[in-house]
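Whatever order the structure lists them in is the order used to number ligands and atoms, beginning at 1. Given the structure is predicted, the values throughout are model-derived calculations rather than measurements.
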Amino acid sequence: MNFHVLTLFPEMIENAINTSITGRAIESGLISLNAVNIRDFSEDKHNRVDDYPYGGGAGMVIQAEPVYKAYGYLANHIKLSKDDQSSYKKPRVIYVTPQGDVFNQNMAAELSLEEDLIFLCGHYEGIDERVLEMIVTDNISIGDYVLTGGELPAMVMIDAIARLVPGVLSNEASSEFESFKDNLLEYPQYTRPEVFMGRKVPDVLLSGHHAKIEAFRRQQAIARTYERRPDLLENSTLSEEEREYLTRLIFQKNYDVY
Ligand code: ADE
């Protein structure tokens, strides 16, 4: 899977994504990163890419032309890199913006199936609307707060998507049994020592009884989701027995209140 980023700060993206698990995935060729500097496509003699907003108002707006040219260069580069030009399809262009759909695990899973993804990072008061209309296919936010630019959100999304690419995580199972699988939070984990400052690891985890351990972890995941993110339970798939367990939890909690 190839990640492409249109940005004013390519080194920010490169430094982060070339590190740790994503860095190793790049070295082994499972993913690639190509950060393109929008400033390289400025026609201005001082390499400026922003200007005052028409109609007035605070801040500066990134101009359409350098963004359009950087995109054109990138799209051509992606096309030329394909062995079979006839099967080439235009990659999705994600504009990273607080005005977009809020990113989640399902979106990460869906995007991880793409061969190429282009992220467009804004700064200042945004990017001239006309070029956004021309090239953007998806508007995505990472949450209801405003950051100084799109680079951090792009990095967050690249990390979440990259780890779902087969082979990126050394233990493939670890991306399956974790928070948000089945819309449940992950069960708690323990490692040695067996007793830490008087707190003992739950006995069942030492029993070696795999079915019991599995059932215990499911219950822990359900209880934790109920406590911390009850909104997720609406879309989780629970067995009849698990539903009964959840009902008991809810009843117990309400009972405790009185
Ligand atoms: N740019 C600035 N804030 C953002 C956010 N919360 N999500 C995506 N892009 C952004």
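Interface atoms of ligand 1 facing Val146, defined by a heavy-atom separation under 4.0 Å, are 3 (N). Counting the atoms of ligand 1 from 1 in the order shown, those under 4.0 Å from a heavy atom of Gly143 are 6 (N).
The shortest N/O to N/O separation between Gly150 and ligand 1 does not fall below 3.5 Å. Geometrically, ligand 1 and Thr97 share a nitrogen or oxygen pair separated by less than 3.5 Å. Taking any N or O of Ile140, backbone or side chain, none lies under 3.5 Å from an N or O belonging to ligand 1.
Distances from ligand 1 to the non-hydrogen atoms of Gly149 include at least one value under 4.0 Å.
Under the 30°/60° scheme for interplanar angles, the aromatic rings of Tyr73 and His77 are found to lie parallel.
Under 4.0 Å is where a charged nitrogen must lie from a carboxylate oxygen, and between Lys89 and Glu115 no such pair does.
Nearest protein heavy-atom neighbour of atom 3 (N) of ligand 1: Leu147 N, 2.9 Å. Remark: minimum distance from atom 5 (C) of ligand 1 to any protein heavy atom is reached at Tyr145 O, 3.7 Å. With hydrogens left out, the protein atom closest to atom 7 (N) of ligand 1 is Ile142 N, 3.0 Å, a heavy atom.
Under 4.0 angstrom from ligand 1, the non-hydrogen atoms of Pro98 come from both its backbone and its side chain.
Of the N and O atoms on the side chains of Ser86 and Asp84, at least one donor lies less than 3.5 Å from an acceptor on the other residue.
Pairs passing the ring-ring contact (aromatic ring centres under 6.0 Å, His included) check and including a residue from residues 139-163, sequence neighbours excluded, do not occur.
Across all their heavy atoms, Ser32 and Asn2 have their closest contact at OG-OD1, 2.7 Å.
With sequence neighbours excluded, the residues that form a salt bridge (charged side-chain N to carboxylate O under 4.0 Å, His left out) with Lys200 are Glu194, Asp203.
A distance of 8.5 Å separates CE of Met1 from CG of Leu113, quoted to the nearest 0.5 Å.
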